Amino acid sequence: MITGITGQDGSYLAELLLSKGYEVHGIIRRASTFNTSRIDHIYRDYHQEGIRLFLHYGDLSDSEQISNIVYNIEPEEVYHLGAQSHVRVSFDTPTYTGEATGLGTTRMLEVIRRSKLPIRFYQASSSEMFGAAKPPQNEETPFEPRSPYACSKVYAYWMVRNYRDGYGLFASNGILFNHESPRRGQTFVTRKVTRALAGIMAKTQDALYLGNLDAKRDWGYAPEYVEAMWSMMQQKKPGDYVIGTGETHSVREFVEAAFKYAGLDSGKYVKIDKRYFRPTEVDYLVADTSKGKREIGLDIKLRFSDLVKVMVDADMRLSGLKPIGEGDKILAKKFPSKWWKAD
């Protein structure tokens with residue numbers, strides 16, 4: 001069972017599990033418009049034979065709905081990815097962020113505890129929890145959250161630890177550093193950059209407006225990170241794992257790499273808008289993945305410069321332009337037998 005199945009990670013995770021022969025159940029929120037674009041390529045009508053992907057309406061604020069779904073499908077593994085996950089937006093909606101991102105996890109854990117089913121639980125924790133902590137950050141680094149989103153994730157992290165220690169649940173925290181892809185939401189900074197670049201090249205957009213260009217992040221490729229999620233759930237014992245590349249780059253570096261790849265001067269198009277600055281900023285995140293390499297075989301293949309090219313090519317294609325093509329070649333070389341659909 002996957003909460004947040006329609007998001008970037010949820011869609012890749014659903015593909016991974018289906019490729020491994022799983023029956024996958026996803027929870028989606030009811031909306032008057034279709035919000036399943038990331039999983040449309042794997043969805044099949046219920047009337048067809050051999051269906052292994054099922055969607056259920058539910059909301060993380062409604063314990064009864066979640067209980068009914070868990071009791072009816074009796075999942076062996078639950079991947080809890082659902083949340084209000086935009087850091088900047090969390091400053092504008094702190095109460096809702098705490099309700100969905102923090103208490104939503106508690107509701108999931110309590111349903112699993114009461115079900116008495118042997119369910120393995122994965123919590124999508126975040127590198128944002130480290131906040132102002134000195135880099136590099138690993139599983140022993142104290143949290144210093146700098147946003148309502150991060151505070152909510154810290155709460156959820158410790159609830160997982162408490163349910164694991166107090167009730168013996170198989171519950172693990174995956175502390176994932178930033179991970180991107182062509183399926184990244186369009187308001188997240190990496191996708192905002194590559195989408196705007198494609199728009200500028202297609203002459204449908206004149207400029208790119210950003211906030212803090214000096215913030216440093218550890219950026220990886222989302223499909224590799226969902227493989228790490230699955231690996232955590234296959235261990236003999238639950239635990240907490242930091243997942244990242246071990247490299248850090250600034251937003252400015254991402255912008256310059258993307259525009260250089262497309263043959264454009266970023267200085268002519270990038271403008272600063274103070275509305276995109278956070279009240280409290282996280283300046284420097286970089287993962288120490290020693291434990292992940294040692295215990296779950298973490299081996300990240302796609303690095304920063306290649307990730308930029310992959311995302312630029314995808315957004316050029318989406319804008320009706322011919323992609324430069326290096327990104328596509330990189331994917332074919334590094335992942336010759338990839339299980340996810342190319343974007």
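In this text, all values refer to a predicted model and were calculated from it rather than measured experimentally. Basis for what follows: all heavy atoms, side chains included, without hydrogens, waters or symmetry-related copies.
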Would a distance-only check, ignoring hydrogens and angles, find a side-chain to backbone donor-acceptor pair under 3.5 Å from [X] to [Y]?
{"X": "Glu224", "Y": "Lys301", "value": "yes"}
{"X": "Lys192", "Y": "Gly185", "value": "no"}
{"X": "Gln137", "Y": "Val286", "value": "yes"}
{"X": "Ser181", "Y": "Arg183", "value": "yes"}
{"X": "Ser90", "Y": "Tyr149", "value": "yes"}

Applying side-chain contact (heavy atoms from CB on, under 4.5 Å), name anything that partners [X], two or more places apart in sequence or on another chain.
{"X": "Lys216", "result": "Thr248, Ser250, Tyr284"}
{"X": "Lys271", "result": "Ala207, Tyr209"}
{"X": "Val154", "result": "Met129, Phe143, Pro145, Trp158"}
{"X": "Arg278", "result": "Val87, Arg88, Phe91, Glu128, Arg217, Glu281, Val282"}

**OP:** Can you tell me which residue pairs pass the salt bridge (Lys or Arg N to Asp or Glu O under 4.0 Å) test with a partner in residues 140-152, sequence neighbours excluded?
**Re:** none

**OP:** For residues 250-269, pull every pair meeting salt bridge (Lys or Arg N to Asp or Glu O under 4.0 Å), keeping only residues two or more places apart or in separate chains.
**Re:** Asp214-Arg252

Subject >> Pairing residues for Arg191 by the side chain to side chain donor-acceptor pair (under 3.5 Å) criterion, not counting sequence neighbours >> reply: Asp315

Subject >> Partner residues of Asn173 under the side chain to side chain donor-acceptor pair (under 3.5 Å) criterion, sequence neighbours left out >> reply: Ser125, Asp240

**OP:** Quickly, which of Lys322, Met311, Met201 forms a side-chain contact (heavy atoms from CB on, under 4.5 Å) with Met316? Name it, please.
**Re:** Met201

Subject >> Pairwise side-chain hydrogen bond (donor to acceptor under 3.5 Å, both in side chains) hits with a residue in residues 197-207, at least two apart >> reply: none

Original post:
Does anything in residues 48-60 pair up under side-chain hydrogen bond (donor to acceptor under 3.5 Å, both in side chains), and if so which pairs, sequence neighbours excluded?
Top reply: His25-His56, Asp59-Ser61

Original post:
How long is the span from the CD1 atom in Ile2 to the CG atom in Leu17, to the nearest 0.5 Å?
Top reply: 5.0 Å

Original post:
OH/Tyr22 to CH2/Trp230 distance, rounded to the nearest 0.5 angstrom?
Top reply: 6.0 Å

Original post:
Between Phe335 and Trp340, is the gap from one ring center to the other below 6.0 Å?
Top reply: yes

Of all heavy-atom pairs between [X] and [Y], which one has the smallest distance, and what is that distance?
{"X": "Val193", "Y": "Ala258", "answer": "CG1-CB, 4.1 Å"}
{"X": "Tyr43", "Y": "Asp45", "answer": "CE2-N, 4.2 Å"}
{"X": "Leu298", "Y": "Ala228", "answer": "CD1-CB, 4.2 Å"}

Original post:
Using links of under 4.5 Å between side-chain heavy atoms of ILVMFWY residues, direct or through other members, which residues join Phe121 in one cluster?
Top reply: Met1, Ile27, Leu60, Ile66, Ile69, Val70, Ile73, Val78, Leu103, Met108, Leu109, Val111, Ile112, Leu117, Ile119, Tyr155, Met159, Val160, Tyr163, Tyr167, Leu169

Subject >> ring pair (Phe, Tyr, Trp, His ring centres under 6.0 Å) against Phe188, all qualifying residues, sequence neighbours excluded >> reply: His86

Subject >> CA sep, side-chain torsions, deciding dist, call: Leu285, Phe130, side chain to side chain contact (heavy atoms under 4.5 Å, CB included) >> reply: CA-CA 8 Å; Leu285 294 177; Phe130 293 121; 4.1 Å; yes

**OP:** Report the C-alpha distance between Thr190 and Phe254 in whole Å, list the side-chain angles of each, state the deciding distance to 0.1 Å, and finish with yes or no for side chain to side chain contact (heavy atoms under 4.5 Å, CB included).
**Re:** CA-CA 7 Å; Thr190 52; Phe254 191 98; 3.6 Å; yes

Subject >> Salt bridge present between Glu247 and Arg303 (N-O < 4.0 angstrom) >> reply: yes

Original post:
Can the positive tip of Lys291 be found less than 6.0 Å from the middle of the six-membered ring of Tyr241, inside 45° of the ring normal?
Top reply: yes

**OP:** Give the cluster check for Leu331 versus Tyr261: same hydrophobic cluster or not, with ILVMFWY residues linked at side-chain heavy-atom distances below 4.5 Å.
**Re:** yes

**OP:** For atom CD of Gln235, decide whether the heavy atoms of other residues, nucleotides or ligands shown that lie under 6.0 angstrom number more than 12.
**Re:** yes

